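Okay, structure first, notes after.
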Amino acid sequence: MSNAIQSFLTENKVLNTNYNVSGESISSYESYKKLCLEVENNFDEFWSGYATDLLSWSKIFTKVLDDSNKPHYKWFVDGSMNVTVNCLDIHLTNGNANKIAIIFESDDGEVLKITYKDLLKRVCKFANGLKNLGYKIGDKCIIYMPMSIEVIVAMHACARLGIIHSVVFGGFSSKSLHERILDIGASLIITSDYQKRGGKKIPLKAAVDAAIISGNCESIKNVIVYKRAGDDINWLSSRDLWMDDLEKNQLDYCEPVFVNSEHPLFVLYTSGSTGKPKGIQHSSAGYLLWAKMTMRWTFDIRGDDVFWCTADVGWITGHTYIAYGPLSMGLTQVIFEGIPTYPNSARFWKMIERHKVSIFYTAPTAIRSLIKSSDNDRSVHPDNFDLSSLRILGSVGEPISPDTWRWYYKNVGNENCPIADTWWQTETGGHMITPLPCLNYLKPGSCSLPLPGICAAVVDESGEDVPNSTGGFLVIKKPWPGMIRNIWGNTDRFITSYFPEELHGYYLAGDGAQRDNDGYFWIMGRIDDVLNVSGHRLGTMEIESALVSHSKVSEAAVIGRSDDTTGEAVVAFIVMKGERPYNDEAINIAKELRNWIACEIGPIAKPKDIIFGDSLPKTRSGKIMRRLLRAIANGENINQDTSTIENMSIFDNFSITF
Ligand code: WT7
């Protein structure tokens with residue numbers, strides 16, 4: 001492990017003493033240390049204090065944590081609450097009723113605003129519509145929608161009634177959608193006719209129709225459609241309903257369904273190291289508490305903030321830091337339909353200026369692409385815009401390189417805004433390791449220190465702590481309220497993936513990491529066969545099985561290589577059933593395979609390079625030599641031990657296509 005993982009990032013401190021904590025974050029490093037000690041000594045009191053202060057309960061819990069059936073932890077035992085009450089109703093009586101909850105900016109720049117009072121009204125009307133159709137607590141709903149006020153309404157209407165939602169990213173194909181419909185056993189789908197991104201109109205309802213037609217979807221009773229474009233679409237009148245028709249004539253108020261603390265609020269699918277995506281199941285009370293606590297700590301929230309997280313609701317970041325966290329805090333937030341490069345690469349900076357954004361949270365891949373654009377065209381450089389409203393910047397999804405960090409810090413934050421390099425995962429529910437605004441210094445490239453209550457460590461194969469500056473497995477030693485509760489329908493996989501026996505029941509994150517002498521954490525990438533493309537996880541097995549399901553493909557191996565913009569890029573080594581293709585034929589087949597992957601999984605999983613060969617390099621026991629393929633794809637010299645390879649000739653035989 002220590003040899004396999006090495007950090008090449010140079011450590012350089014950046015003083016952060018310019019920033020004064022003025023919101024709800026932890027005020028100083030000393031207070032941070034005190035809180036860490038507090039939770040270590042009085043675990044129950046610590047968590048119960050926050051849970052009672054920050055959440056509104058219909059029935060208060062009787063016990064903080066039930067750990068009698070590890071790793072099936074139960075938080076806030078016997079408590080009842082409703083997530084939408086905590087995100088919307090509470091603001092009707094605390095002075096936020098007429099505050100803008102959402103500033104929506106469409107792809108073409110149109111702006112719509114909605115207050116907390118009106119957002120609650122819309123959620124209630126829609127929830128009443130769902131209730132009239134017979135949907136109730138425990139039902140499962142797939143949401144496949146563009147970034148919009150309506151997707152927030154849909155998620156909260158589900159939460160209002162205790163319906164478990166599963167949001168599927170609009171960039172996923174009908175095939176991926178179908179897989180998720182079946183896995184969760186959905187009876188309801190909420191979608192949109194189209195989505196608009198970068199000036200293009202992309203059909204969504206048609207993908208839903210295609211998914212349902214592909215079979216075994218008898219459980220689906222209704223498809224509710226938000227009208228985004230208004231063009232003609234296919235319609236099945238016994239099943240399909242327009243969202244606005246359903247809301248019409250409904251009462252403005254809908255009684256919330258109070259659910260048990262542990263009731264699943266949602267299931268969100270993410271890639272793992274096997275072919276099948278995992279349905280990460282989150283709770284209601286613990287999840288929301290962690291969303292709210294991390295909002296306050298990481299972003300030093302103030303009542304006058306304008307918060308903007310650029311993620312899509314199809315990912316966990318869009319759940320915790322768009323749909324739930326900001327609303328629980330009564331913040332005004334920007335929700336953006338489009339993409340950072342349309343109509344040009346100044347879009348983000350223009351929007352920060354236009355809406356006076358004070359907290360901006362985005363991904364390294366977006367920053368890298370905007371650096372590139374502004375190097376080529378000075379007119380889209382952040383210098384041309386008034387970004388003085390910014391107080392805090394955030395980064396999420398992958399390690400941010402020190403160069404990118406410095407550019408972001410200087411050109412976007414004007415050297416005044418701390419960068420929260422937030423390390424977390426779909427499974428963790430919210431931030432885990434991230435620089436608090438009160439830290440005296442930041443280290444570009446390091447996600448720094450764990451939040452109070454998060455017992456993060458770096459251990460070896462047997463779960464023992466490794467010394468500082470030594471690579472190892474990143475684990476979390478104690479449970480926390482926002483943690484994953486299960487893999488939907490697969491408890492065995494839940495236990496083996498996250499709580500392997502050798503590690504004493506610690507939560508295994510699947511990332512390699514090391515800790516430096518100041519206790520700062522440095523994340524060094526995944527330890528399993530998972531790639532990180534543009535800040536999103538893709539399982540190599542998932543792409544491989546999609547490739548071999550193509551009639552012309554005999555064998556496929558997928559690995560990652562580093563890429564300037566997307567962090568990692570997908571590289572596929574392919575052996576065809578017939579003759580190995582060359583020249584134009586290879587280019588055509590590669591095109592066909594890339595389209596195939598776009599249909600099977602989604603454009604995000606398309607291989608950037610496709611390399612054809614006569615066979616794959618294997619050991620005598622038949623295992624594909626991935627390490628070797630990785631070296632080939634990254635253009636490295638092959639200096640590994642190749643004595644166990646059966647077919648050395650492979651290296652002469654591969655050709656690179658893109
Ligand atoms: C994986 C989780 C968390 C929401 C977005 C992605 C990588 C995430 C960082 C960071 C280094 C990071 C890890 C992690 N990752 N944030 N700040 N520094 N690596 O969620 O799809 O669940 O992926 O993203 O490898 O395990 P996800």
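Not measured: the values here are computed from a predicted model. Both ligands and their constituent atoms are indexed starting at 1 by order of listing.
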Test Trp480 against every option in Trp47, Tyr50, Tyr507 by the ring-ring contact (aromatic ring centres under 6.0 Å, His included) rule and name the one that passes. Tyr507
Ala633: what forms a side-chain contact (heavy atoms from CB on, under 4.5 Å) with it, not counting sequence neighbours? Ile559, Arg561, Val571, Phe573
List in chain and number order the residues that pass side-chain contact (heavy atoms from CB on, under 4.5 Å) with Met541, two or more places apart in sequence or in another chain; answer none if no residue qualifies. Glu544
Does Arg180 count as lying over the ring of Tyr144, i.e. NZ or CZ under 6.0 Å from the six-ring centre, within 45 degrees of the axis? no
Proximal protein residues to ligand 1, non-hydrogen atoms under 4.0 angstrom: Ile316, Thr317, Val396, Gly397, Glu398, Pro399, Asp421, Thr422, Trp423, Trp424, Gln425, Thr426, Asp511, Ile523, Arg526, Asn532, Gly535, Arg537
Salt bridge or not between Asp465 and Arg515? Use side-chain N to carboxylate O under 4.0 Å. no
Tell me which donor-acceptor pairs under 3.5 Å the side chains of residues 281-289 have, and how far apart each pair is, sequence neighbours excluded?
| from | atom 1 | to | atom 2 | distance (Å) |
| --- | --- | --- | --- | --- |
| His282 | ND1 | Gly482 | O | 3.4 |
| His282 | NE2 | Thr426 | O | 2.8 |
| Ser283 | OG | Tyr287 | N | 3.2 |
| Ser283 | OG | Arg485 | NH2 | 3.3 |
| Ser284 | OG | His263 | O | 2.7 |
| Tyr287 | OH | Thr320 | N | 3.2 |
| Tyr287 | OH | Thr320 | OG1 | 2.7 |

